[in-house]
Amino acid sequence: MYQGRFAPTPSGRLHLGSLLAAACAYMRAKQQGGLCFLRLEDLDKPRCREEYKQGILEDLDRLGLHFDGEPLIQTEDLSYYQNSIDNLIATGKTFVCACTRRQIRERPCTCRERGLKYRRGFAIKLDCEEAERTFTDERLGSIYVPLLPESLTLRRSDNIISYNLACVTDDIRQGITEVVRGSDLISSTPLQIYIYKLLGAKPPKFLHLPLITSKDGSKLSKQNHAMAVLDSHSPRDAVLYVLTLLNQDISGCSALTPAEIWPLAAKRFDLNALPKGDIELDA
Ligand code: GLU
């Protein structure tokens with residue numbers, strides 16, 4: 001059965017780019033009679049706040065996007081991530097890194113050659129030199145990522161679990177068959193596929209979506225203060241707006257509630273109609 005997910009980081013309220021990802025993940029799953037789960041990726045504690053978690057849950061509810069089951073909240077159980085790290089350590093492809101942030105900025109890390117023993121305050125990294133640079137995207141076809149880092153942090157020196165490790169661990173444990181998300185994560189995908197391989201798991205399919213950019217070409221995100229979508233739109237207007245940006249058929253939807261729009265939009269969902277490039281907004 002098709003199992004998808006929407007996995008926002010609660011470092012801000014739900015903005016238009018997140019709504020676009022949520023909408024596509026949801027419609028893609030429901031069009032195929034599948035499930036779509038919600039996961040709050042809150043491991044980076046300094047960036048994530050309780051009020052944003054609640055805000056995202058409330059906004060999704062007001063937008064009529066009801067995901068299957070209970071949301072998975074990453075900080076509720078870290079044992080899954082530790083287990084993945086232990087399994088990766090057992091492959092012999094990891095190493096301990098003692099570099100400070102400043103050292104990493106100033107010179108290349110040579111910790112792999114040093115064969116350090118783990119101590120508190122050290123990071124654990126994965127050697128990624130054998131990662132494949134090409135993968136197939138369900139929308140964009142074959143993708144080649146020319147520049148991959150030599151290594152990937154699995155657990156930071158402050159003990160925070162990295163996004164890539166957590167994402168793969170959770171996509172495996174939630175049985176995700178297709179990952180639908182923004183194209184900003186294309187460059188992470190080969191690294192994630194490599195982690196699947198080392199963990200002996202079958203990677204899901206990947207479908208990367210157009211990004212919403214402002215006129216100057218930058219991605220709209222929480223970092224550059226993209227607004228909470230429900231601050232500037234009613235729930236119905238926000239839903240119709242995002243479907244319009246995705247070039248989807250919204251005929252007959254203007255008098256429906258958001259919760260009534262989604263089943264219809266999912267039935268009609270046309271992947272080929274999505275804009276080929278980024279979606280540029282005036283503001
Ligand atoms: N948590 C990530 C974000 O909010 C998305 C991760 C993913 O979909 O793989 O950008």
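Whatever order the structure lists them in is the order used to number ligands and atoms, beginning at 1. The structure presented is a predicted model; accordingly, all values stated were derived computationally and were not measured.
- Listed by number with element, the atoms of ligand 1 under 4.0 angstrom from any heavy atom of Cys167 are 9 (O).
- Any N or O atom pair closer than 3.5 Å counts here, and Asp184 shares no such pair with ligand 1.
- For ligand 1, the atoms lying closer than 4.0 Å to a non-hydrogen atom of Tyr163 are 6 (C), 7 (C), 9 (O).
- In this structure, a donor-acceptor pair under 3.5 Å is present between the side chains of Gln174 and Arg39.
- Using modelled atom types, one side-chain atom of Ser183 and one backbone atom of Leu209 make a donor-acceptor pair closer than 3.5 Å.
- Contacts with ligand 1 closer than 4.0 Å are made by backbone heavy atoms (N, CA, C, O) of Pro8 only, the side chain lying farther away.
- Between the OG1 atom of Thr9 and the CD atom of Gln74 there is a distance of 8.0 Å, given to the nearest 0.5 Å.
- For Phe6, the heavy-atom gap to ligand 1 stays at 4.0 angstrom or more.
- Here the side chain of Asp42 pairs a donor or acceptor atom with the backbone of Thr75 at under 3.5 angstrom.
- The atoms of ligand 1 that sit less than 4.0 Å from any heavy atom of Leu185 are 5 (C), 6 (C), 7 (C), 9 (O).
- Residue contacts with ligand 1: Ala7 is placed with a nitrogen or oxygen under 3.5 Å of a nitrogen or oxygen of the ligand (distance criterion only).
- Heavy-atom proximity to Arg5, at under 4.0 Å, picks out these atoms of ligand 1: 7 (C), 8 (O), 9 (O).
- Rounding to the nearest 0.5 Å places CG of Asn247 at 9.0 Å from NZ of Lys276.
- Between Phe206 and His208, the two ring planes are parallel [angle under 30°; tilted spans 30° to 60°].
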